[in-house]
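Data first, discussion second: the structure below is written as structure tokens.
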Amino acid sequence: MPGRPRWSAAQRIAGAADVADLRLLARRRAPRMVFDYVDGAAEGERSMARAVEAFERVEFSPRVLRDVAEAPTAVEILGRRIAMPVVLGPTGFTRMMHREGEPAVARAAERAGVPYTLSTMGTTAAGDVAAAAPGGWNWFQLYVVRDRARNLDVLSLAREAGMDVLVVTVDVPVAGARLRDVRHGLTVPPSLRWRSVLQAVRHPAWWFDFLTSEPLRFATVDGAPDDLAGITNMMFDPSVTIRDLGWIRSAWRGKLLVKGVQRVDDAKELAAVGVDGLVVSNHGGRQLDRAPTPLELLPEVVAAVGDRTEVFLDGGVRTGADVAAAVGLGAKACFIGRAYLYGLMAGGEPGVRRVLDLLHAELVRTLQLLGVGDVTELGPDAIRLR
């Protein structure tokens, strides 16, 4: 009897029906400690679970007998048009997930016509990301560190690379307790201890790529310790306040977003100082457990400040239907992180491309089934949380 057909990695990526399929492929390819770094969250992981669960409670209210032969997905954010309301958010240590790392993600974003945000904790320099995707809309994310001169140097490099949107993340005064990482003894870069030797046997392709590619290093925070909590607590400044946005604004001439908003009163304060946008986010549940659920908080923030600044959502987005729900509840666009990292772990740039293709197809289909002829026509009349 003929055996089961053996699919190539490219065929498995192309055959993925949704992001959940790519997550499974990522889990098979990457060592457990690397997969869990992406897949895990802080403490009991309630914040992450609740963010995903909130989208499961979305109920759509479709209209019928509407012309949906076409359902455009393009929107304008921060004065520029993008192909769909999706932003690839900042993620640290990206080359740990796949040897292609940040350049692969930036190229996939360029192809899809959406922005890509390089993290302060990235493993590729801003100039190299810009060279990899010269036609893309590349943003930069900043953690304010104790050494203000280093902050200014980093901003200068981002400007020189042509980046014109700065995303300041403000929800990490100290490191969250990511217990999966603690249990694995995860180091950056991963080290071949006894646990990881066993994983190397089970995931030889990942380890071959890791051991034969350029050594993993931080492109911005050189000289940091190898434990994740140590990096955060040594580098990041817990004394940062809203007053620090003044010197950041003076050093940055482009658009300024603040990511990590979890209260309406904080949103009002940020809008009052004139930020160009804010991101309702609990850091993917990776910092404070039991944090507010972004999708639940979104309508309140939009009602409070949506006429003064652009509001984005981050957290729990796994499908194009999730994107539609967030836009309908007032978000200008959604940041995604884990979703594209699953694709990257599963198969490098083709995996990220597959994620973006799936999100776009799902968004179009959702619009058509909702009887909405254009994503910009989505509103709260079509969406409610059960």
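Counting from 1, the numbers follow the sequence of the chain as shown.
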State, to 0.1 Å, how close [X] and [Y] come at their nearest heavy-atom pair, and which atoms those are.
{"X": "Leu344", "Y": "Ala104", "result": "CD1-CB, 4.2 Å"}
{"X": "Ala324", "Y": "Leu363", "result": "CB-CD1, 3.8 Å"}
{"X": "Gly92", "Y": "Met97", "result": "O-CE, 3.6 Å"}
{"X": "Val311", "Y": "Gly306", "result": "CG2-CA, 4.3 Å"}
{"X": "Pro173", "Y": "Pro238", "result": "O-CB, 3.4 Å"}
{"X": "Pro72", "Y": "Gly373", "result": "CD-O, 2.9 Å"}

With the threshold set at 4.0 Å, does a side-chain nitrogen-carboxylate oxygen contact exist between [X] and [Y]?
{"X": "Arg80", "Y": "Glu76", "value": "no"}
{"X": "Asp357", "Y": "Arg111", "value": "yes"}
{"X": "Glu45", "Y": "Arg178", "value": "no"}
{"X": "Asp39", "Y": "Arg338", "value": "no"}

Does [Y] offer a backbone N or O that forms a donor-acceptor pair with the side chain of [X] under 3.5 Å?
{"X": "Arg354", "Y": "Ala16", "value": "yes"}
{"X": "Asp237", "Y": "Val145", "value": "no"}
{"X": "Thr309", "Y": "Val275", "value": "yes"}
{"X": "Glu310", "Y": "Leu78", "value": "yes"}
{"X": "Glu100", "Y": "Glu349", "value": "yes"}
{"X": "Thr124", "Y": "Pro103", "value": "no"}
{"X": "Asn138", "Y": "Ala133", "value": "yes"}
{"X": "Arg50", "Y": "Met48", "value": "no"}
{"X": "Ser8", "Y": "Gln11", "value": "yes"}
{"X": "Thr366", "Y": "Glu362", "value": "yes"}

Would you say [atom1] of [X] has more than 12 non-hydrogen atoms from neighbouring residues, nucleotides or ligands within 6.0 angstrom?
{"X": "Arg253", "atom1": "CZ", "value": "no"}
{"X": "Arg148", "atom1": "CZ", "value": "yes"}
{"X": "Arg63", "atom1": "CZ", "value": "no"}

Please work out whether the ring planes of Phe335 and Phe312 are parallel, tilted or perpendicular, with thresholds of 30° and 60°.
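Ring orientation of Phe335 relative to Phe312: perpendicular.
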
Does the side chain of [X] reach to within under 4.5 Å of the side chain of [Y], using non-hydrogen atoms?
{"X": "Ser281", "Y": "Val261", "answer": "no"}
{"X": "Arg29", "Y": "His98", "answer": "yes"}
{"X": "Thr94", "Y": "Met121", "answer": "no"}
{"X": "Leu358", "Y": "Leu22", "answer": "yes"}
{"X": "Leu142", "Y": "Thr169", "answer": "no"}

What's the spacing between [X] [atom1] and [Y] [atom2] if we round to 0.5 Å?
{"X": "Trp139", "Y": "Ser119", "atom1": "CH2", "atom2": "OG", "value": "14.5 Å"}
{"X": "Leu298", "Y": "Leu329", "atom1": "CG", "atom2": "CG", "value": "6.0 Å"}
{"X": "Trp252", "Y": "Trp247", "atom1": "CH2", "atom2": "CH2", "value": "12.5 Å"}
{"X": "Asp276", "Y": "Ile77", "atom1": "CG", "atom2": "CD1", "value": "11.5 Å"}
{"X": "Asp244", "Y": "Arg249", "atom1": "CG", "atom2": "CZ", "value": "14.5 Å"}
{"X": "Lys332", "Y": "Leu257", "atom1": "NZ", "atom2": "CG", "value": "12.0 Å"}

Do [X] and [Y] land in one hydrophobic cluster if side-chain heavy atoms of ILVMFWY residues count as linked below 4.5 Å?
{"X": "Val114", "Y": "Leu367", "answer": "yes"}
{"X": "Val364", "Y": "Val75", "answer": "no"}
{"X": "Leu369", "Y": "Val68", "answer": "no"}
{"X": "Met345", "Y": "Leu24", "answer": "no"}
{"X": "Val301", "Y": "Leu288", "answer": "no"}

Quiz: residues 379-386 side-chain donor-acceptor pairs under 3.5 angstrom, not counting sequence neighbours:
| from | atom 1 | to | atom 2 | distance (Å) |
| --- | --- | --- | --- | --- |
| Arg384 | NE | Glu59 | OE2 | 2.9 |
| Arg384 | NH2 | Glu59 | OE2 | 2.9 |
| Arg386 | NH1 | Glu59 | OE1 | 2.4 |

Which is it for Ile336 and Leu359 under the side-chain contact (heavy atoms from CB on, under 4.5 Å) test, yes or no, and what are the steps along the way?
CA-CA 11 Å; Ile336 64 169; Leu359 290 178; 3.7 Å; yes

Step-by-step side-chain contact (heavy atoms from CB on, under 4.5 Å) determination, Leu166 to Ile248
CA-CA 10 Å; Leu166 180 66; Ile248 294 173; 3.7 Å; yes

Check Val52, Val280, Val317, Val58 against Leu295 for a side chain to side chain contact (heavy atoms under 4.5 Å, CB included) and give me the one that passes.
Val58

Determine whether Asp171 and Lys259 satisfy the following criterion, salt bridge (Lys or Arg N to Asp or Glu O under 4.0 Å), listing intermediate values before the conclusion.
CA-CA 8 Å; Asp171 55 4; Lys259 180 174 179 287; 5.3 Å; no

Step-by-step side chain to side chain donor-acceptor pair (under 3.5 Å) determination, Thr117 to Gln141:
CA-CA 6 Å; Thr117 314; Gln141 176 268 338; over 6 Å; no

Quick one: do Arg57 and Glu296 satisfy salt bridge (Lys or Arg N to Asp or Glu O under 4.0 Å)? Show the steps, please.
CA-CA 10 Å; Arg57 291 189 291 111; Glu296 295 175 348; 2.2 Å; yes

Can a side-chain donor-acceptor contact be found between Thr319 and Asp322 if the only test is distance below 3.5 angstrom?
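Yes, side-chain donor-acceptor contact under 3.5 Å.
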
Taking atom types as modelled, find out whether Asp164 and Trp137 have a side-chain donor-acceptor pair closer than 3.5 angstrom.
yes

Holding to side chain to side chain contact (heavy atoms under 4.5 Å, CB included), I want the full list of residues that pass it with Val170, two or more places apart in sequence or in another chain.
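By the side chain to side chain contact (heavy atoms under 4.5 Å, CB included) rule, Val170 matches Val168, Val258.
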
Do Asp314 and His283 pass the side-chain contact (heavy atoms from CB on, under 4.5 Å) test, and can you show the C-alpha distance, the side-chain angles, and the key distance before you say yes or no?
CA-CA 8 Å; Asp314 168 65; His283 212 100; 5.9 Å; no

With sequence neighbours left out, what residues match Tyr143 under ring-ring contact (aromatic ring centres under 6.0 Å, His included)?
Phe236

Checking Arg286 against Tyr37: charged group under 6.0 Å from the ring centre and within 45 degrees of the axis?
yes

List the steps, then state whether side-chain contact (heavy atoms from CB on, under 4.5 Å) holds for Leu356 with Arg353.
CA-CA 5 Å; Leu356 291 169; Arg353 287 186 174 193; 5.9 Å; no

